[in-house]
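For reference, the structure discussed in these notes is given below.
Quick note: numbers below take in every heavy atom, side chains included, and nothing from hydrogens, waters or symmetry partners.
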Amino acid sequence: MRKINVKTIIKSSLADDDKKGDLLFHEIKTKEPESETEEILLDFGDVELVNTAFLNNAIGRLYDTNEFDLRRTRVKIVNMESSMLELLKESVKTARLMYG
């Protein structure tokens, strides 16, 4: 398992713009595991706010198979508040429609 602390990567407790989303997306890409059994753990501990611009760039782009192979890499989210999870679900739903 490869763990990514979101707050450390974006250098803020506010995940509130697309540029910060880009930072996280590129970090996820560099941590892509060598084997199919590994997973990437995104830890949102101490992140107080997320918005859709951040989520679309950080997580939604993972569904673009030209950018990232989600079939090969499992990505898990931990320590995300329920209100943020609702935004994440919407972002994923939109990404699946866009890239699927």
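- Contact check for I59 versus F25: no side-chain heavy atoms found under the 4.5 Å cut-off.
- No side-chain heavy atom of V6 sits under 4.5 Å from any side-chain heavy atom of M80.
- Residues H26 and R61 are in side-chain contact: their nearest non-hydrogen atoms beyond the backbone lie under 4.5 Å apart.
- Annotation for K29: atom NZ counts as buried by contact number, over 12 foreign heavy atoms lying within 6.0 Å.
- To the nearest 0.5 angstrom, R96 atom CZ is 11.0 Å from T94 atom OG1.
- When hydrophobic clusters are built by joining Ile, Leu, Val, Met, Phe, Trp and Tyr residues whose side-chain heavy atoms come closer than 4.5 Å, directly or via intermediates, L88 is grouped together with L70.
- Taking hydrophobic clusters as Ile, Leu, Val, Met, Phe, Trp and Tyr residues chained together by side-chain heavy-atom distances below 4.5 Å, M98 shares a cluster with V92.
- The backbone N or O of E27 sits less than 3.5 Å from a side-chain atom of T30, completing a donor-acceptor pair.
- Residues L85 and Y63 share a single hydrophobic cluster, defined by chaining ILVMFWY side chains whose heavy atoms lie under 4.5 Å apart.
- Grouping the Ile, Leu, Val, Met, Phe, Trp and Tyr side chains by contacts below 4.5 angstrom, directly or via other members, places L41 apart from V75.
- For the pair N51 (side chain) and D16 (backbone), a donor-acceptor distance under 3.5 Å is present.
- A pairwise comparison of heavy atoms in I10 and L23 identifies CA-CD1, 4.3 Å as the closest pair.
- For the side-chain contact (heavy atoms from CB on, under 4.5 Å) criterion with L24, the lone passing option out of I4, N57, L55 is I4.
- In this structure, Y99 and G60 approach most closely via the heavy-atom pair CE1-O, 3.6 Å.
- With hydrogens and angles ignored, the 3.5 Å screen pairs a side-chain donor or acceptor of D17 with a backbone N or O of K20.
- Taking a cutoff of 4.0 Å between a charged side-chain nitrogen and a carboxylate oxygen, D43 and K7 do not qualify as a salt bridge.
- For the pair D18/F54, no side-chain contact is recorded, criterion being any heavy-atom separation below 4.5 Å from C-beta on.
- A donor-acceptor pair under 3.5 Å is absent between the side-chain atoms of S91 and the main chain of L87, judged by distance alone.
- Of all the heavy atoms in I28 and I40, the pair that sits closest is O-CD1, 3.8 Å.
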